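Hydrogens, waters and symmetry mates are skipped; everything else that's a heavy atom, side chains included, is used. Please read these numbers as outputs of a predicted model, since none were measured by experiment.
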Amino acid sequence: MDLELRDKVVVVTGASRGIGRAIAETLATEGVRLVLAARTREQLEEVAKACGTETQIVVTDLREPDAPQKLIEGAVLRFGRIDTLVNNAGATKRGNFLELSEAEWQDGFALKFFGAMRCCRAAWVHLKSSHGSIVNIIGVGGRTGSAEFAIGGSVNSALLNLTKVLADQGTKDSIRVNAINPGSIATERLKIRIKAFASERGLDINQAAKSMAQKLGVARFGEPVEIARVVAFLASPAASYCHGSIIDVDGGETRTL
Ligand code: NAD
């Protein structure tokens, strides 16, 4: 199926590895021109090379208040337009509510919530003129609270609400705004969780992965490309009536409506 994305300009944050990298590579196969943002130049260069499409890389710390504006201005300077913004960068510290520090809370919101909100604000005028779209990569923890995921869950809930807020505004401004909630996806972040799970329970890595999946009620963990394909769909005209949609891509982990 041709998703009609050829030559579109898409900004992907957190594109140096994991889900963001898979999004970049999947969009590249559709002929998209990419602006890839993350903190590490070396990894971004590797991703750009793997994409093989016209790509701008931006080394930036999106927790800094002026970083999103610079990212968007640079993208428009290079390509003259933005068709889709994918807010994917996020790194919230896991841990129990009673153990998390003030600084860790600030840090979690600074990147995943404020970074995304500021990218949306900076890109809005450009997306309005291209009749473009936003895809927020959020997380099932925003729907289902858990003591061990206090910051991530709270940040994700805030971003889910912002998705609806922006969709409401987007109806007036011709910008489609949607979100994806990944479940447990096999990236570095998940491997670290599996390692910790294994050492807490004296299991080997394979046993720990199996037991974690069972505990979550899923048959297996997801692959980054399984999120990326949904991003490509949401960014495309094939999803023209998806607006304010929040899609759980979680292997059935979320059972509530
Ligand atoms: P990851 O840690 O593998 O990659 C995170 C990306 O964000 C990297 O490119 C990193 O460079 C970038 N980044 C981190 N801090 C940054 C900063 N300050 N400024 C700019 N870029 C920064 O993460 P992932 O597992 O691929 O997750 C991607 C997104 O999906 C995150 O928002 C995460 O919360 C969400 N998510 C992931 C899972 C999962 O199971 N992997 C589940 C639910 C939600």
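For the atom pair I180 CD1 and N87 CG, the distance stands at 12.0 Å (nearest 0.5 Å). Interatomic distance, CZ of F113 versus CD1 of I151, reported as 15.0 Å (0.5 Å rounding). Remark: Q56 CD to L77 CG distance equals 8.0 Å, nearest 0.5 Å. One distance of note links CZ of R229 with CD of E223; it measures 9.5 Å at 0.5 Å rounding. If you take OG on S211 and CG on N206, they are separated by 12.0 Å, rounding to the nearest 0.5 Å. If you take OG1 on T13 and CG on L85, they are separated by 7.0 Å, rounding to the nearest 0.5 Å.
Residue M212 shares its hydrophobic cluster (ILVMFWY side chains chained together at separations under 4.5 Å) with L190, I194, F197, L203, I205, L216, V218, F221.
Residues G139 and N181 share a closest heavy-atom pair of N-OD1, 2.9 Å. The minimum heavy-atom distance between M1 and A238, with the atom names listed, is CE-CB, 3.6 Å. For the residue pair N178 and T163, the shortest heavy atom distance occurs at C-CG2, 3.9 Å. The minimum heavy-atom distance between C119 and L71, with the atom names listed, is SG-CD2, 4.2 Å. Of all the heavy atoms in H243 and R176, the pair that sits closest is ND1-CA, 3.4 Å. R81 and S130 make their closest contact through NH2-CB, 3.6 Å (heavy atoms, listed as atom of the first residue, atom of the second, distance).
At least one donor-acceptor pair under 3.5 Å links the side chain of N88 to the backbone N or O of G14. With Q207 contributing its side chain and D204 its backbone, the two residues share a donor-acceptor pair below 3.5 Å. The backbone N or O of P68 sits nowhere less than 3.5 Å from a side-chain atom of R121 that would complete a donor-acceptor pair. A distance-only check finds a donor-acceptor pair linking the side chain of E104 to the backbone of S101 [under 3.5 Å]. Using modelled atom types, no side-chain atom of D173 and backbone atom of I175 make a donor-acceptor pair closer than 3.5 Å. Panel note: side chain T84, backbone I134; no donor-acceptor pair is recorded below 3.5 Å. A donor-acceptor contact shorter than 3.5 Å links the side chain of K164 to the backbone of G244.
V225 and V47 fall into different hydrophobic clusters, where Ile, Leu, Val, Met, Phe, Trp and Tyr side chains are chained together by heavy-atom contacts under 4.5 Å. One hydrophobic cluster, built from ILVMFWY side chains closer than 4.5 Å, cannot hold both L62 and L44; they sit in different ones. Following chains of ILVMFWY side-chain contacts shorter than 4.5 Å, one can reach M117 starting from I82, so the two form part of one hydrophobic cluster. Under the 4.5 Å side-chain heavy-atom criterion for Ile, Leu, Val, Met, Phe, Trp and Tyr, V86 and I227 are members of the same hydrophobic cluster. F233 and I137 fall within a single hydrophobic cluster, where Ile, Leu, Val, Met, Phe, Trp and Tyr side chains are chained together by heavy-atom contacts under 4.5 Å.
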Report all side-chain donor-acceptor pairs from residues 15-37 shorter than 3.5 Å, counting only partners two or more places apart or in another chain.
from	atom 1	to	atom 2	distance (Å)
R21	NE	E25	OE2	2.7
R21	NH1	E46	OE2	3.1
R21	NH2	E25	OE2	3.2
T26	OG1	A22	O	2.8
T29	OG1	T26	O	2.6
R33	NE	D7	O	3.0
R33	NH2	D7	O	2.8

May I have the list of side-chain donor-acceptor pairs in residues 152-159 shorter than 3.5 Å, sequence neighbours left out?
from	atom 1	to	atom 2	distance (Å)
S154	OG	A150	O	2.7
N156	OD1	K112	NZ	3.1
N156	ND2	G152	O	3.3
S157	OG	G142	O	2.7
S157	OG	G153	O	3.1

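Ionic pairing of E148 and R193 is not present here: no N-O contact between side-chain nitrogen and carboxylate oxygen is shorter than 4.0 angstrom.
Inter-residue side-chain proximity for L234 and S133 is flagged as unmet; no heavy-atom pair is nearer than 4.5 Å. Under the 4.5 Å side-chain criterion, counting only non-hydrogen atoms from C-beta, R118 is in contact with P65. The shortest side-chain heavy-atom distance between E54 and R78 falls under the 4.5 Å cut-off.
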Original post:
Stepwise, does the side-chain contact (heavy atoms from CB on, under 4.5 Å) test hold for I246 with R143?
Top reply: CA-CA 11 Å; I246 292 169; R143 286 202 195 271; 3.3 Å; yes
Subject >> Stepwise side-chain contact (heavy atoms from CB on, under 4.5 Å) test for R39 and R63 >> reply: CA-CA 11 Å; R39 278 187 306 178; R63 291 171 301 185; 3.5 Å; yes
**OP:** May I have the step-by-step check of side-chain contact (heavy atoms from CB on, under 4.5 Å) for L100 and K93, ending in yes or no?
**Re:** CA-CA 8 Å; L100 294 164; K93 184 157 181 356; 4.2 Å; yes
**OP:** Could you please spell out the steps behind the salt bridge (Lys or Arg N to Asp or Glu O under 4.0 Å) verdict for E73 and K70?
**Re:** CA-CA 5 Å; E73 276 172 11; K70 285 186 185 155; over 6 Å; no
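Exactly one of Q43, R41, K49 qualifies for a side chain to side chain contact (heavy atoms under 4.5 Å, CB included) with E45. That residue is R41.
By the 6.0 Å contact criterion, CD on E200 is enclosed, its count of non-hydrogen atoms from other residues, nucleotides or ligands being greater than 12. The local environment of NZ in K172 is crowded, with over 12 non-hydrogen atoms from other residues, nucleotides or ligands closer than 6.0 Å.
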